Amino acid sequence: MAATFSTERFRLDGQVAIITGGASGLGAYYTQAFLLSGAKVLVVSASQNHWDETKQFAAEHSGTVGFYQIDITSEGAAAKIVVADMEQFGKIDILVNNAGIQIRNEWREYKDEDWRRVIDTNLNALYFLSHESAKQMATQGGGKIINIASMQSYRAGKFIFPYAASKHGVVGLTKAYADALAPDNIQVNALAPGYIDTPMTKALQNDQSRNEEILAHIPAGHWADPSELMGAIVFLASPAANYITGVTLPVDGGYLLR
Ligand code: NAI
């Protein structure tokens, strides 16, 4: 009997991925995971922070990485990103909408401009870039879009109104585009990280009572190391996931179970 499966289907060799915010925070882990899986990556970010480390990582692992500096909320950014990618790599197989921001405040103090800024970054920019990239993917015969969601895609956040709204929106948009783009062989899924041990969450981890509360909520009993997201992002981007579309995959140590 001929083999119907190969672990090669988890590889991304020869594929080109755009990752917004791909040089810093969790995005840097997605970039590393893709480079190690054989993909070429265009990192899109507002600043050049951590570009050098990303370049160095690619060089050490014989990977190919390109960079494009732009504010993804600026006018016409989505089209410019697609043009920059086509100039550097000539195609788009995978888009990871990772760039995102959070602004905390008590409800009485919450500023209109902060609401708009978070929605513009986490939801509007994601919509526009998905739209532009999908047009190119459709002409290539298919592709993958992976949106980064959050535990606030499921739960409230009483100091982070636009963040919770945008991350709930990301799940809805993931489903709508999954449905719309399936005939063009474009799979659209989301990844929802749980509580991740990063420099940004150190303050929360060091707050003893909050930390105990959070840990009591995580069946796995520990914060995730960012590297624990790498398998899931590669899987969703790979041919092994070709029949999966419209799902949001929590990588949360079971947080949502309690
Ligand atoms: P980060 O703050 O470390 O990095 C964000 C990246 O996005 C940076 O590279 C920045 O340049 C880029 N970015 C932000 N606004 C931009 C803009 N207007 N134009 C272009 N680039 C822009 O963020 P982090 O924590 O790694 O988060 C990444 C994603 O993961 C976000 O969508 C966030 O909501 C999500 N997430 C993070 C969690 C965490 O524990 N850090 C947990 C769950 C979800």
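Along the sequence shown, the residues carry numbers beginning at 1. This structure is a prediction, so every number in the text was calculated from the model and none was measured. Numbering of ligands and ligand atoms starts at 1, following listing order.
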Q.
Hydrophobic clusters here meaning ILVMFWY residues chained together by side-chain heavy-atom distances under 4.5 Å, can you tell me if Ile244 and Leu95 are in one?
A.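 No, because Ile244 and Leu95 fall into different hydrophobic clusters, even though each may have its own neighbours under 4.5 Å.
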Is it the case that [X] and [Y] place a side-chain donor and acceptor less than 3.5 Å from each other?
X	Y	value
Gln56	Glu60	yes
His217	Tyr195	no
Glu8	Ser6	no
Lys91	Gln140	no

Need the ligand 1 atom indices (1-based, order shown) with element for anything under 4.0 Å from a heavy-atom of [X].
X	result
Ile70	19 (N), 20 (C)
Thr121	15 (N)
Ser45	11 (O), 20 (C), 21 (N)
Gly194	42 (C)
Pro193	43 (C), 44 (C)
Gly21	6 (C), 7 (O), 9 (O), 12 (C)

State whether Phe67 and Lys55 meet the cation-pi test: NZ (Lys) or CZ (Arg) under 6.0 Å from the six-membered ring centroid, and within 45° of the perpendicular axis.
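Judged by the rule (NZ or CZ under 6.0 Å from the ring centre, within 45° of its axis), Lys55 counts as positioned above Phe67.
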Can you find an N/O atom of [X] closer than 3.5 Å to an N/O atom of ligand 1?
X	result
Gly27	no
Tyr163	yes
Asp71	yes
Lys167	yes

Considering residues, nucleotides and ligands other than Glu75, do more than 12 of their heavy atoms fall under 6.0 Å from its CD?
->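 Open: at most 12 neighbouring heavy atoms sit under 6.0 Å from CD of Glu75.
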Students should be able to answer this: which protein heavy-atom is nearest to [atom], and at what distance?
atom	value
atom 25 (O) of ligand 1	Met200 SD, 3.6 Å
atom 5 (C) of ligand 1	Gly100 O, 4.0 Å
atom 3 (O) of ligand 1	Gly25 CA, 3.4 Å
atom 14 (C) of ligand 1	Ile101 CG2, 4.0 Å
atom 28 (C) of ligand 1	Asn98 OD1, 3.2 Å
atom 21 (N) of ligand 1	Ala46 N, 3.2 Å

Query - Sub-4.0 Å heavy-atom contact, Ala149 with ligand 1 - result: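 The answer is yes: ligand 1 sits under 4.0 Å from a heavy atom of Ala149.
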task = Compute the minimum heavy-atom distance from Thr20 to ligand 1 and say whether it is under 4.0 Å.
result =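 Not so, Thr20 does not reach ligand 1.
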From [atom], work out which of [options] has a heavy atom at the shortest distance.
atom	options	value
atom 4 (O) of ligand 1	Ser166, Ala99, Ser24	Ser24
atom 35 (C) of ligand 1	Val96, Ile148, Asp120	Ile148
atom 24 (P) of ligand 1	Ile81, Ile160, Leu26, Asn97	Leu26
atom 40 (O) of ligand 1	Ile72, Leu229, Ile196, Leu191	Ile196

Report task. Might you check, step by step, whether the distance between atom 11 (O) of ligand 1 and some protein heavy atom is under 4.0 Å? Result ->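 Within 4.0 Å of atom 11 (O) of ligand 1, protein heavy atoms are found.
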What is the distance from atom CD1 of Ile103 to atom CG of Asp114, rounded to the nearest 0.5 Å?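 Here the rounded value is 4.0 Å.
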Practice item. Decide yes or no for Glu87 and Val83: does some side-chain heavy atom of the first lie under 4.5 Å from some side-chain heavy atom of the second? Key: yes
Is the closest side-chain heavy-atom distance between Tyr29 and Leu229 below 4.5 Å? no
(request) Please check if the side chain of Ser133 supplies one atom and the backbone of Ser130 the other of a donor-acceptor pair under 3.5 Å. (result)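 A pair under 3.5 Å: no.
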Please check this pair: side chain of Asp252 against backbone of Pro193, looking for a donor-acceptor N/O pair closer than 3.5 Å.
no
Closest non-hydrogen contact found for Ile101 with Tyr163 is O-CD1, 3.2 Å
Do you know which two heavy atoms are closest between Asn105 and Glu109, and how far apart they sit?
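For Asn105 and Glu109, the tightest heavy-atom pair comes out as OD1-CB, 3.3 Å.
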